[in-house]
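Report on the following structure.
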Amino acid sequence: MDGRRPGGPRADATPADGAGSGDPHRAEHADATPVGGPHAGSRPAGTTAADGPHASGPHADGRPAGGPRPGRLAAWAELLRVSALFTVPGDALAGAAAAGARPSRRTLLAIGTSLCLYEAGMALNDWSDRDEDAVDRPHRPIPSGRVSPPAALAAAGALTAAGLALAARAGRAPLTVATTLAAAVWAYDLRLKHTAAGPAAMASARALDLLLGAAATRTRGTAPPLRAALPHAGLLAAHTYAVTAVSRHETQGGSTTAPLAALATGVAVTAATTRHALHAAARGRPPAEQTPVALTGLVYARTALTPLLHAALNPSPPLTQRAVGAGIRAMIPLQAALTARAGAPGTGLALLGLAPIARRLARKVSPT
(Lines give C-alpha, C1' and ligand atoms only; values in the text may rest on other atoms or scores of the structure.)
Protein backbone atom coordinates (compact mmCIF):
# COMPACT_ATOMS: atom_id res chain seq x y z
CA MET A 1 0.00 0.00 0.00
CA ASP A 2 2.61 2.44 -1.03
CA GLY A 3 1.23 5.81 -2.00
CA ARG A 4 3.97 6.55 -4.48
CA ARG A 5 4.31 6.39 -8.18
CA PRO A 6 7.85 5.57 -9.32
CA GLY A 7 9.77 8.82 -9.13
CA GLY A 8 6.80 10.81 -7.85
CA PRO A 9 5.72 12.13 -4.46
CA ARG A 10 3.49 10.29 -2.10
CA ALA A 11 1.19 11.26 0.73
CA ASP A 12 -0.14 9.54 3.83
CA ALA A 13 0.18 6.21 5.88
CA THR A 14 -0.84 0.86 10.15
CA PRO A 15 -0.94 -1.54 9.38
CA ALA A 16 4.68 -1.42 3.19
CA ASP A 17 4.91 -2.74 -0.31
CA GLY A 18 4.64 -1.78 -3.94
CA ALA A 19 2.02 0.02 -5.91
CA GLY A 20 -1.39 -1.49 -5.58
CA SER A 21 -0.19 -4.05 -3.03
CA GLY A 22 -2.83 -3.26 -0.47
CA ASP A 23 -0.55 -3.12 2.59
CA PRO A 24 -1.93 -0.48 4.96
CA HIS A 25 1.37 -0.17 6.79
CA ARG A 26 3.04 1.35 3.75
CA ALA A 27 1.03 4.52 3.07
CA GLU A 28 2.66 7.49 4.72
CA HIS A 29 0.88 10.02 6.94
CA ALA A 30 0.27 13.26 5.12
CA ASP A 31 1.40 15.19 8.16
CA ALA A 32 4.30 12.90 8.99
CA THR A 33 6.75 13.62 6.20
CA PRO A 34 6.54 16.60 3.86
CA VAL A 35 5.97 15.72 0.23
CA GLY A 36 9.37 15.46 -1.34
CA GLY A 37 11.02 14.82 2.05
CA PRO A 38 13.46 12.07 2.80
CA HIS A 39 10.77 9.39 2.67
CA ALA A 40 8.84 10.73 -0.27
CA GLY A 41 8.86 9.02 -3.61
CA SER A 42 10.93 11.68 -5.31
CA ARG A 43 14.72 11.48 -5.36
CA PRO A 44 16.80 14.04 -3.48
CA ALA A 45 17.89 17.08 -5.43
CA GLY A 46 21.02 16.41 -7.38
CA THR A 47 20.41 12.72 -8.01
CA THR A 48 19.56 10.97 -11.20
CA ALA A 49 17.58 7.88 -11.98
CA ALA A 50 20.83 5.93 -11.92
CA ASP A 51 21.76 7.09 -8.45
CA GLY A 52 21.98 4.35 -5.88
CA PRO A 53 23.89 3.47 -2.77
CA HIS A 54 27.16 3.44 -4.70
CA ALA A 55 26.57 6.30 -7.13
CA SER A 56 29.20 8.96 -7.53
CA GLY A 57 26.83 11.83 -6.73
CA PRO A 58 24.68 12.22 -3.61
CA HIS A 59 23.47 8.89 -2.33
CA ALA A 60 19.89 7.74 -2.84
CA ASP A 61 19.19 8.07 0.87
CA GLY A 62 20.27 11.72 0.85
CA ARG A 63 23.85 11.32 2.11
CA PRO A 64 26.58 13.37 0.39
CA ALA A 65 29.06 11.24 -1.54
CA GLY A 66 31.87 10.19 0.73
CA GLY A 67 30.06 11.45 3.83
CA PRO A 68 29.32 9.44 6.96
CA ARG A 69 26.59 6.81 6.80
CA PRO A 70 23.53 7.39 8.96
CA GLY A 71 23.58 5.52 12.25
CA ARG A 72 22.60 1.89 12.21
CA LEU A 73 19.92 2.54 14.80
CA ALA A 74 18.31 5.12 12.52
CA ALA A 75 18.34 2.66 9.63
CA TRP A 76 16.71 -0.05 11.72
CA ALA A 77 14.16 2.41 13.10
CA GLU A 78 13.23 3.24 9.51
CA LEU A 79 13.11 -0.42 8.50
CA LEU A 80 10.94 -1.37 11.47
CA ARG A 81 8.80 1.79 11.22
CA VAL A 82 8.91 2.30 14.97
CA SER A 83 6.45 5.20 14.89
CA ALA A 84 3.74 2.78 13.75
CA LEU A 85 4.10 0.74 16.93
CA PHE A 86 1.58 2.98 18.67
CA THR A 87 -1.21 1.33 16.68
CA VAL A 88 -0.38 -2.06 18.26
CA PRO A 89 -0.92 -2.07 22.08
CA GLY A 90 -4.58 -1.14 21.76
CA ASP A 91 -5.39 -4.47 20.14
CA ALA A 92 -4.48 -6.51 23.22
CA LEU A 93 -5.97 -3.99 25.63
CA ALA A 94 -9.25 -3.97 23.72
CA GLY A 95 -9.24 -7.77 23.76
CA ALA A 96 -8.63 -7.90 27.49
CA ALA A 97 -11.41 -5.39 28.13
CA ALA A 98 -13.81 -7.33 25.92
CA ALA A 99 -13.05 -10.43 27.97
CA GLY A 100 -13.94 -8.54 31.13
CA ALA A 101 -10.46 -8.50 32.62
CA ARG A 102 -8.22 -5.77 33.91
CA PRO A 103 -4.80 -5.45 32.28
CA SER A 104 -2.43 -7.85 33.97
CA ARG A 105 0.99 -9.42 33.53
CA ARG A 106 -0.50 -11.71 30.88
CA THR A 107 -1.86 -8.68 29.04
CA LEU A 108 1.62 -7.16 29.02
CA LEU A 109 2.99 -10.41 27.62
CA ALA A 110 0.31 -10.27 24.90
CA ILE A 111 1.31 -6.70 24.06
CA GLY A 112 4.95 -7.73 23.89
CA THR A 113 4.01 -10.59 21.58
CA SER A 114 2.02 -8.23 19.35
CA LEU A 115 4.87 -5.74 19.13
CA CYS A 116 7.38 -8.45 18.22
CA LEU A 117 5.17 -9.99 15.53
CA TYR A 118 4.29 -6.57 14.13
CA GLU A 119 7.95 -5.65 13.81
CA ALA A 120 8.72 -9.07 12.35
CA GLY A 121 6.16 -8.31 9.65
CA MET A 122 7.78 -4.93 8.94
CA ALA A 123 11.24 -6.45 8.51
CA LEU A 124 9.90 -9.34 6.44
CA ASN A 125 7.94 -6.96 4.24
CA ASP A 126 11.03 -4.99 3.24
CA TRP A 127 12.98 -8.21 2.71
CA SER A 128 10.30 -9.61 0.39
CA ASP A 129 10.05 -6.30 -1.52
CA ARG A 130 13.80 -5.67 -1.78
CA ASP A 131 13.97 -6.09 -5.56
CA GLU A 132 10.99 -3.81 -6.13
CA ASP A 133 12.33 -1.25 -3.66
CA ALA A 134 15.69 -1.23 -5.48
CA VAL A 135 13.86 0.24 -8.49
CA ASP A 136 11.08 2.35 -6.96
CA ARG A 137 12.36 3.17 -3.44
CA PRO A 138 16.16 3.15 -3.42
CA HIS A 139 16.22 5.24 -0.24
CA ARG A 140 14.77 2.36 1.82
CA PRO A 141 17.24 0.74 4.25
CA ILE A 142 17.81 -2.48 2.27
CA PRO A 143 18.34 -1.11 -1.27
CA SER A 144 20.41 1.78 0.07
CA GLY A 145 22.75 -0.72 1.70
CA ARG A 146 22.15 0.44 5.26
CA VAL A 147 20.59 -2.90 6.24
CA SER A 148 21.52 -6.13 4.48
CA PRO A 149 18.82 -8.54 3.25
CA PRO A 150 20.12 -11.42 5.43
CA ALA A 151 20.02 -9.14 8.48
CA ALA A 152 16.43 -8.11 7.77
CA LEU A 153 15.34 -11.72 7.29
CA ALA A 154 17.17 -12.78 10.44
CA ALA A 155 15.47 -9.96 12.35
CA ALA A 156 12.07 -11.13 11.13
CA GLY A 157 12.81 -14.66 12.30
CA ALA A 158 14.23 -13.55 15.65
CA LEU A 159 11.31 -11.22 16.35
CA THR A 160 8.84 -13.96 15.49
CA ALA A 161 10.59 -16.36 17.84
CA ALA A 162 10.67 -13.74 20.59
CA GLY A 163 6.97 -13.04 20.16
CA LEU A 164 6.07 -16.72 20.38
CA ALA A 165 8.29 -17.12 23.45
CA LEU A 166 6.44 -14.29 25.19
CA ALA A 167 3.11 -15.82 24.21
CA ALA A 168 4.20 -19.19 25.63
CA ARG A 169 4.85 -17.51 28.98
CA ALA A 170 1.28 -16.20 28.95
CA GLY A 171 -0.18 -19.70 28.50
CA ARG A 172 -1.22 -22.33 26.01
CA ALA A 173 -4.20 -20.40 24.62
CA PRO A 174 -2.21 -17.20 23.90
CA LEU A 175 0.51 -19.30 22.27
CA THR A 176 -2.06 -20.94 19.99
CA VAL A 177 -3.46 -17.57 18.93
CA ALA A 178 0.01 -16.07 18.53
CA THR A 179 1.16 -18.98 16.37
CA THR A 180 -1.83 -18.46 14.09
CA LEU A 181 -1.12 -14.73 14.00
CA ALA A 182 2.55 -15.32 13.11
CA ALA A 183 1.49 -17.64 10.29
CA ALA A 184 -0.88 -14.94 8.99
CA VAL A 185 1.89 -12.32 9.08
CA TRP A 186 4.35 -14.46 7.16
CA ALA A 187 1.73 -15.62 4.67
CA TYR A 188 0.68 -12.03 4.00
CA ASP A 189 4.18 -10.69 3.44
CA LEU A 190 5.49 -13.60 1.42
CA ARG A 191 2.47 -14.57 -0.63
CA LEU A 192 -0.92 -12.95 -0.12
CA LYS A 193 -0.44 -9.18 -0.17
CA HIS A 194 -0.34 -9.01 -3.97
CA THR A 195 -3.44 -11.21 -4.33
CA ALA A 196 -7.17 -10.75 -3.91
CA ALA A 197 -6.84 -12.37 -0.49
CA GLY A 198 -4.62 -9.54 0.77
CA PRO A 199 -7.30 -7.42 2.50
CA ALA A 200 -8.78 -10.47 4.22
CA ALA A 201 -5.34 -11.59 5.40
CA MET A 202 -4.57 -8.14 6.80
CA ALA A 203 -7.98 -7.99 8.51
CA SER A 204 -7.58 -11.44 10.03
CA ALA A 205 -4.18 -10.50 11.46
CA ARG A 206 -5.67 -7.51 13.25
CA ALA A 207 -8.57 -9.57 14.56
CA LEU A 208 -6.19 -12.24 15.83
CA ASP A 209 -4.13 -9.58 17.57
CA LEU A 210 -7.18 -8.45 19.52
CA LEU A 211 -8.11 -12.05 20.33
CA LEU A 212 -4.58 -12.57 21.62
CA GLY A 213 -5.27 -10.02 24.34
CA ALA A 214 -8.48 -11.82 25.25
CA ALA A 215 -6.81 -15.24 25.31
CA ALA A 216 -4.10 -13.93 27.61
CA THR A 217 -6.66 -12.96 30.26
CA ARG A 218 -7.74 -16.50 31.02
CA THR A 219 -7.40 -17.79 34.56
CA ARG A 220 -6.36 -21.28 35.50
CA GLY A 221 -9.11 -23.82 35.03
CA THR A 222 -11.30 -21.67 32.79
CA ALA A 223 -11.80 -21.64 29.05
CA PRO A 224 -10.21 -18.83 27.03
CA PRO A 225 -12.69 -15.93 26.92
CA LEU A 226 -12.46 -15.54 23.16
CA ARG A 227 -16.18 -15.61 22.45
CA ALA A 228 -16.78 -12.33 24.29
CA ALA A 229 -14.07 -10.64 22.23
CA LEU A 230 -15.27 -11.83 18.82
CA PRO A 231 -17.64 -8.87 18.16
CA HIS A 232 -14.86 -6.38 18.86
CA ALA A 233 -12.42 -8.35 16.74
CA GLY A 234 -14.98 -8.30 13.94
CA LEU A 235 -15.31 -4.50 14.10
CA LEU A 236 -11.54 -4.01 14.00
CA ALA A 237 -11.27 -6.50 11.13
CA ALA A 238 -14.01 -4.73 9.16
CA HIS A 239 -12.21 -1.40 9.45
CA THR A 240 -8.88 -2.97 8.47
CA TYR A 241 -10.38 -4.75 5.47
CA ALA A 242 -12.00 -1.53 4.22
CA VAL A 243 -8.81 0.52 4.51
CA THR A 244 -6.74 -2.19 2.82
CA ALA A 245 -9.23 -2.39 -0.05
CA VAL A 246 -8.98 1.37 -0.60
CA SER A 247 -5.19 1.11 -0.63
CA ARG A 248 -5.37 -1.04 -3.76
CA HIS A 249 -6.25 2.11 -5.72
CA GLU A 250 -4.01 4.69 -4.07
CA THR A 251 -1.35 4.74 -6.80
CA GLN A 252 -3.65 5.33 -9.77
CA GLY A 253 -6.85 6.47 -8.08
CA GLY A 254 -10.00 6.40 -10.15
CA SER A 255 -12.10 4.18 -7.89
CA THR A 256 -15.13 5.61 -6.13
CA THR A 257 -16.45 2.18 -5.16
CA ALA A 258 -13.70 1.31 -2.68
CA PRO A 259 -13.80 4.57 -0.67
CA LEU A 260 -17.61 4.56 -0.72
CA ALA A 261 -17.64 1.00 0.62
CA ALA A 262 -15.06 1.94 3.23
CA LEU A 263 -17.09 5.02 4.16
CA ALA A 264 -20.16 2.85 4.69
CA THR A 265 -18.09 0.43 6.74
CA GLY A 266 -16.74 3.25 8.88
CA VAL A 267 -20.24 4.57 9.54
CA ALA A 268 -21.38 1.07 10.51
CA VAL A 269 -18.39 0.57 12.81
CA THR A 270 -19.03 3.95 14.46
CA ALA A 271 -22.71 3.14 14.95
CA ALA A 272 -22.01 -0.31 16.37
CA THR A 273 -19.38 1.06 18.75
CA THR A 274 -21.22 4.11 20.06
CA ARG A 275 -24.92 3.27 19.74
CA HIS A 276 -25.53 2.71 23.46
CA ALA A 277 -23.67 5.89 24.40
CA LEU A 278 -25.47 7.95 21.78
CA HIS A 279 -28.87 6.56 22.76
CA ALA A 280 -28.15 7.48 26.36
CA ALA A 281 -27.08 10.97 25.30
CA ALA A 282 -30.27 11.35 23.26
CA ARG A 283 -32.30 10.65 26.40
CA GLY A 284 -30.58 13.60 28.05
CA ARG A 285 -28.79 11.95 30.97
CA PRO A 286 -26.05 9.64 29.75
CA PRO A 287 -24.19 7.61 32.40
CA ALA A 288 -20.74 8.96 33.11
CA GLU A 289 -19.10 5.77 31.85
CA GLN A 290 -20.68 6.27 28.42
CA THR A 291 -18.98 9.63 27.84
CA PRO A 292 -15.56 8.13 26.97
CA VAL A 293 -17.27 5.74 24.56
CA ALA A 294 -18.97 8.59 22.72
CA LEU A 295 -15.81 10.73 22.76
CA THR A 296 -13.45 8.07 21.41
CA GLY A 297 -16.04 6.87 18.89
CA LEU A 298 -16.50 10.37 17.52
CA VAL A 299 -12.72 10.86 17.29
CA TYR A 300 -12.56 7.65 15.26
CA ALA A 301 -15.33 8.85 12.96
CA ARG A 302 -13.75 12.24 12.46
CA THR A 303 -10.34 10.71 11.74
CA ALA A 304 -11.52 8.06 9.29
CA LEU A 305 -14.68 9.25 7.56
CA THR A 306 -13.93 12.74 6.25
CA PRO A 307 -10.89 11.70 4.17
CA LEU A 308 -12.87 8.74 2.80
CA LEU A 309 -15.65 11.08 1.73
CA HIS A 310 -13.14 13.32 -0.04
CA ALA A 311 -11.64 10.30 -1.81
CA ALA A 312 -15.08 9.12 -2.89
CA LEU A 313 -15.96 12.55 -4.31
CA ASN A 314 -12.59 12.95 -6.03
CA PRO A 315 -10.74 9.60 -6.32
CA SER A 316 -7.40 11.13 -7.22
CA PRO A 317 -4.21 9.40 -6.01
CA PRO A 318 -3.37 12.09 -3.39
CA LEU A 319 -6.83 12.02 -1.82
CA THR A 320 -6.97 8.24 -1.94
CA GLN A 321 -3.58 8.06 -0.26
CA ARG A 322 -4.71 10.54 2.36
CA ALA A 323 -7.77 8.42 3.10
CA VAL A 324 -5.62 5.32 3.56
CA GLY A 325 -3.27 7.13 5.94
CA ALA A 326 -6.20 8.45 7.95
CA GLY A 327 -7.64 4.95 8.13
CA ILE A 328 -4.44 3.66 9.69
CA ARG A 329 -4.31 6.50 12.21
CA ALA A 330 -7.97 5.85 13.04
CA MET A 331 -7.06 2.43 14.49
CA ILE A 332 -5.94 4.09 17.73
CA PRO A 333 -9.27 5.85 18.50
CA LEU A 334 -11.14 2.75 17.34
CA GLN A 335 -9.21 0.59 19.79
CA ALA A 336 -9.89 3.22 22.46
CA ALA A 337 -13.61 3.20 21.68
CA LEU A 338 -13.80 -0.60 21.77
CA THR A 339 -11.94 -0.66 25.08
CA ALA A 340 -14.20 1.97 26.63
CA ARG A 341 -17.29 0.23 25.26
CA ALA A 342 -16.20 -3.01 26.97
CA GLY A 343 -16.22 -1.30 30.36
CA ALA A 344 -12.68 0.11 30.66
CA PRO A 345 -13.15 3.85 30.00
CA GLY A 346 -9.92 4.85 31.74
CA THR A 347 -7.86 2.50 29.59
CA GLY A 348 -9.71 3.72 26.50
CA LEU A 349 -8.91 7.36 27.22
CA ALA A 350 -5.29 6.44 27.92
CA LEU A 351 -5.12 4.73 24.53
CA LEU A 352 -6.53 7.82 22.87
CA GLY A 353 -3.59 9.73 24.28
CA LEU A 354 -1.24 7.65 22.12
CA ALA A 355 -2.51 9.29 18.94
CA PRO A 356 -0.74 12.67 19.29
CA ILE A 357 2.45 10.94 20.49
CA ALA A 358 2.45 8.70 17.44
CA ARG A 359 1.82 11.67 15.19
CA ARG A 360 4.73 13.57 16.66
CA LEU A 361 7.12 10.64 16.37
CA ALA A 362 6.05 10.06 12.77
CA ARG A 363 7.58 13.44 11.90
CA LYS A 364 10.99 12.07 12.94
CA VAL A 365 10.75 8.43 11.89
CA SER A 366 8.54 7.59 8.98
CA PRO A 367 5.87 4.99 9.85
CA THR A 368 6.28 3.52 6.36
Apart from Leu109 itself, members of its ILVMFWY cluster (side-chain separation under 4.5 Å) are Leu166

Side-chain heavy-atom pair [X], [Y] within 4.5 angstrom cut-off:
X	Y	value
Leu298	Thr274	no
Pro307	Leu319	no
Leu305	Tyr300	no
His249	Gln321	no
Arg105	Arg169	yes

Without swapping roles, check the side chain of Arg227 against the backbone of Ala99 for a donor-acceptor pair under 3.5 Å.
-> no

Consider only side-chain heavy atoms of I, L, V, M, F, W and Y, link residues closer than 4.5 Å, and tell whether Val88 and Leu210 are in one cluster.
-> no

CG/Asp133 to CH2/Trp127 distance, rounded to the nearest 0.5 angstrom?
-> 13.0 Å

Between CD of Glu78 and OG of Ser144, what distance do you get to the nearest 0.5 Å?
-> 7.0 Å

Identify the heavy atoms of Ala336 and Leu351 that sit nearest to each other, and give their distance.
-> CB-CB, 4.0 Å

Correct closest heavy-atom pair for Ala84 and Tyr118 would be CB-OH, 3.5 Å

Polar contact flag, side-chain donor to acceptor under 3.5 angstrom, His239-Arg206 | no

